[in-house]
Visitor: 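Below are the structure tokens for one structure; questions will follow.
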Amino acid sequence: MAHNLHMGAVRLFAMSLSKIFKRLFQKVCVNEEGIHRLTQAIQEHPVVLLPSHRSYIDFLMMSYILYTYDLALPVIAAGMDFMGMKIVGELLRMSGAFFMRRTFRGNKLYWAVFAEYVKTILRNGYAPVEFFVEGQRSRTCKTLNPKLGLLNVAMEPFFKGEVFDTYLVPVSISYERILEESLYAYELLGVPKPKESTSGLIKARKLLNDNFGSIHVYFGQPMSLRSLTSGRINRSQYNLIPRHLSQRPSEAMLTFVRDIAHHIELHQIANMVLSPGVLIATILLQNLPVVNYNVLVEKTLWLKDLTESFGGCLDWPDNLPSNRVVRSSLEVHSNIMDIVDGQVILVDYEKPGNLDKEPVFKSAASVLMCASYRNQMVNVCIRPALVVLACKLSNSSLKEEVYKSFKFLRSVFTKEFIFFPDFEEKDFEEGCFLLTKCDIINLTPLEIIIAEKGANGALFLSRMFQPFLEGYQLACLYLAKEVFETFTEKQYVSGLRSFISQRIVGGVTKCYEALSSDMQKNTLSSFVQVGIVRVIKSATETNFLVDQRSIRETAENLGLHMIKEKLPTARL
């Protein structure tokens, strides 16, 4: 598993990456004050770099930037898949990558050796350690719920007093266009992920002829673990056991690690840079199949102002006319968006109804690619959007009723979006504040009322969130109508995809995004968490069982009655 840093290989790799990046990207922007903070942190204490994960380019770009600024190269946790790549695998190892299995389940010895290896690097402190809190690439461009295992290992040397402090550095990497966008869409629709190989990498060289726009890399403020634990964690529990012996973390410790992981991911989201293409994709998905180009420019400018009011960071070239900015973004995303006779269309999109299987698949792939950019906007708007949706679903202007609906929606969508645990009231207040700031709602001590001049903004936010709401409604409908016995996750995903495909072909729904395996798995995980699906574990597999009465209540709370779907009578 170990890395084997070799400067000759590093220089060769850096020279190759320099040529490749210049072909792929127009520019790479880095916040230099973040680099200065990182330089200082590396000199003081062990550093853990925690980048967002949207592409394989992430870890290559991180190493290239640190090499360019003459900083210590990070030691990177890489998947075992890369080790099997001829030449490339060994080149990655000599550039600082160490390899880990995708799962440690059932192999305590491997986990113990791996954990000790990571802790040894941190104790020695000669290089930053880098890994992804999300655990894998996000195929949807939404931040994934954090994986806590490796973060817990990285914190342990400090908890045991083996190092004085450890710095955790969140890093946000934003892409104008993602290299793997089409690959992600097909994976989400059930096409198996291609195995990483050197031959596959060589075949991908045709991408060098495409324009992938710009990249923004933001190095966040280093977070001192000593400061974060002050007054919250009592490290004396580690004094009772020899340092070389591993021990199971206490509940308080696990809660602390979970909270820090969410804190890091929220920092990553806050520092993401949105491109004009994100705004265009958001508007286009709400106006399918076509939108007039001049109307698109007008709506993009309106959305730009709304995004900045919500605190989003935009890469908008102020020296260019808006018309030119929109056209330039459409050129970057010409594989999924095009201009035909003054109308902007989504490439390969077909209206639902009377479709064969192949057009449904093509349309779904096109929608999912476009949605991956829209999802970056959802990260910024999620709290105000949930407040607007809660106003609609509660069918009441009473603040208490709206908050109750908001809290329910937040609990259901906790697998889709990142919320700080147990901060429902604060998230609600933040959403209300942003909506009031933009004159979308009128807020009184007892009521929340959609303002007359804020109706368009409220409608926009509810439409942007509609695919997620409808996806969960369809999952409820499937479980209520089609499932009456135990099932596995694989059976659920396959059955739900078939159920939704039939409804799209029949023109009953337009929700292509509900075909995404990511959303389907999230619905199941969410339903388990809120208690409407029960887990039944056996020695060989994990099964699930639906509580029919609870699924009906959840469907109604999600507004399924508003789309006039008849649910079957609950079985006793």
Side-chain angles (χ1 to χ4, degrees), residues 24 53-58 79 81-82 85 102 134-142 144 175-210 212 277-278 281 284-285 288 332-338 345-352 355-376 416 467-468 471 474 489-505 509-524:
L24 290 173
H53 202 15
R54 303 289 178 270
S55 170
Y56 279 146
I57 294 292
D58 294 334
D81 310 335
F82 292 104
M85 296 176 69
R102 292 292 181 189
E134 295 167 273
Q136 60 178 336
R137 292 171 298 161
S138 171
R139 270 70 175 169
T140 59
C141 281
K142 290 189 286 90
L144 304 177
Y175 295 88
E176 187 170 359
R177 182 182 165 198
I178 295 171
L179 264 75
E180 302 99 323
E181 58 182 1
S182 60
L183 194 65
Y184 288 166
Y186 293 133
E187 282 185 41
L188 291 171
L189 292 171
V191 176
K193 172 191 166 188
K195 186 180 177 182
E196 287 82 358
S197 65
T198 305
S199 61
L201 185 63
I202 293 169
K203 289 176 185 175
R205 67 185 184 276
K206 62 183 178 182
L207 292 174
L208 294 172
N209 298 320
D210 283 356
F212 288 89
V278 169
L284 181 57
L285 283 175
L288 291 174
V332 171
H333 296 284
S334 60
N335 61 317
I336 56 173
M337 294 181 271
D338 198 8
I345 65 166
L346 189 64
V347 176
D348 288 334
Y349 177 80
E350 297 283 347
K351 275 188 174 182
L355 294 178
D356 294 326
K357 189 174 181 181
E358 191 173 338
V360 167
F361 184 86
K362 280 187 176 181
S363 296
S366 189
V367 168
L368 289 176
M369 280 190 275
C370 195
S372 68
Y373 296 102
R374 187 277 324 276
N375 288 341
Q376 298 174 45
E416 291 286 346
F468 301 100
L474 288 167
E489 184 187 79
K490 188 175 180 180
Q491 289 169 339
Y492 172 78
V493 170
S494 174
L496 180 56
R497 180 173 286 141
S498 176
F499 176 76
I500 294 168
S501 294
Q502 289 170 11
R503 296 176 78 81
I504 290 173
V505 168
T509 181
K510 300 176 182 179
C511 191
Y512 284 105
E513 290 181 54
L515 292 171
S516 163
S517 59
D518 180 78
M519 184 182 288
Q520 291 162 357
K521 290 174 183 177
N522 284 343
T523 58
L524 181 59

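Just so it is clear, the structure is predicted and the values come from calculations on it, not from any experiment.
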Visitor: Taking CZ in F212 as the centre, count heavy atoms belonging to other residues, nucleotides or ligands within less than 6.0 Å. Is the count above 12?
Guide: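 Result for CZ/F212: enclosed.
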
Visitor: Do E134 and R54 meet the salt-bridge criterion of a basic N to acidic O distance under 4.0 Å?
Guide: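 Yes.
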
Visitor: So do the side chains of D348 and F361 get within less than 4.5 Å of each other, counting heavy atoms only?
Guide: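 No. Closest side-chain heavy atoms not under 4.5 Å.
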
Visitor: For K521, which residues count as a salt bridge (charged side-chain N to carboxylate O under 4.0 Å, His left out) partner, sequence neighbours excluded?
Guide: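 Not a single residue meets the salt bridge (charged side-chain N to carboxylate O under 4.0 Å, His left out) criterion with K521.
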
Visitor: Is there a donor-acceptor contact under 3.5 Å from the side chain of T523 to the main chain of Q520?
Guide: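 Confirmed, T523 side chain pairs with Q520 backbone.
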
Visitor: Give, for atom CG of D210 and atom OG of S334, the distance between the pair rounded to the nearest 0.5 Å.
Guide: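 Atom-to-atom, D210:CG and S334:OG are 7.5 Å apart.
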
Visitor: To the closest 0.5 Å, what do you measure between CG (N522) and CD (E416)?
Guide: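 Interatomic distance, N522 CG to E416 CD, rounded to 0.5 Å: 4.0 Å.
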
Visitor: With rounding to the nearest 0.5 angstrom, report the CD to SG distance, E181 to C141.
Guide: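 Answer for the CD-SG pair, E181 versus C141, is 9.0 Å.
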
Visitor: Please tell me whether Y512 and S366 have a donor and an acceptor in their side chains that are separated by less than 3.5 angstrom.
Guide: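 Short answer, no.
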
Visitor: Should the ring pair H333 and Y373 be called parallel, tilted or perpendicular, given that the plane angle runs from 0 to 90° and is split at 30 and 60?
Guide: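 Perpendicular.
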
Visitor: Measure across R497 and S516 and return the closest heavy-atom pair with its distance rounded to 0.1 Å.
Guide: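 Heavy-atom minimum between the residues: NH2-C, 4.5 Å.
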
Visitor: Nearest 0.5 Å, what's the CG-CG distance between L189 and D518?
Guide: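 If I round to the nearest 0.5 Å, the distance is 11.5 Å.
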
Visitor: Measure across I500 and T509 and return the closest heavy-atom pair with its distance rounded to 0.1 Å.
Guide: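 In terms of heavy atoms, the two residues are closest at O-CG2, 4.4 Å.
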
Visitor: Applying side chain to side chain contact (heavy atoms under 4.5 Å, CB included) to L368 and E513, what does each step give before you reach the verdict?
Guide: CA-CA 6 Å; L368 289 176; E513 290 181 54; 4.3 Å; yes

Visitor: If you look at every heavy atom in P467 and M519, which pair is closest and at what distance?
Guide: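 Answer, listing the atom of P467 first, then M519: O-CE, 3.8 Å.
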
Visitor: At what distance, to the nearest 0.5 angstrom, does NZ of K490 lie from OG of S517?
Guide: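 Spacing of NZ (K490) from OG (S517) equals 13.0 Å.
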
Visitor: Find out whether V367 and L285 are in side-chain contact, i.e. whether some heavy atom of one side chain is under 4.5 Å from a heavy atom of the other.
Guide: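 SC-SC contact between V367 and L285 confirmed.
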
Visitor: Is a side-chain donor or acceptor of S372 paired with a backbone partner of M369 at a separation under 3.5 angstrom?
Guide: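 Yes, S372 side chain to M369 backbone: donor-acceptor pair under 3.5 Å.
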
Visitor: Starting at NZ of K193, measure out to CD of E180 and round the result to the nearest 0.5 Å.
Guide: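 With rounding to 0.5 Å, NZ (K193) is 10.0 Å from CD (E180).
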
Visitor: Verify side chain to side chain contact (heavy atoms under 4.5 Å, CB included) between L496 and L524, making sure each step is shown before the conclusion.
Guide: CA-CA 11 Å; L496 180 56; L524 181 59; over 6 Å; no

Visitor: Apply side chain to side chain contact (heavy atoms under 4.5 Å, CB included) to the pair L474 and C511, showing each step before the final yes or no.
Guide: CA-CA 9 Å; L474 288 167; C511 191; 4.2 Å; yes

Visitor: Where do I336 and Y349 land on the side chain to side chain contact (heavy atoms under 4.5 Å, CB included) test, with the steps shown first?
Guide: CA-CA 9 Å; I336 56 173; Y349 177 80; over 6 Å; no

Visitor: Indicate yes or no for a side-chain donor-acceptor contact from N375 to the backbone of A371 under 3.5 Å, with no hydrogens or angles considered.
Guide: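 Checked: pair present.
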
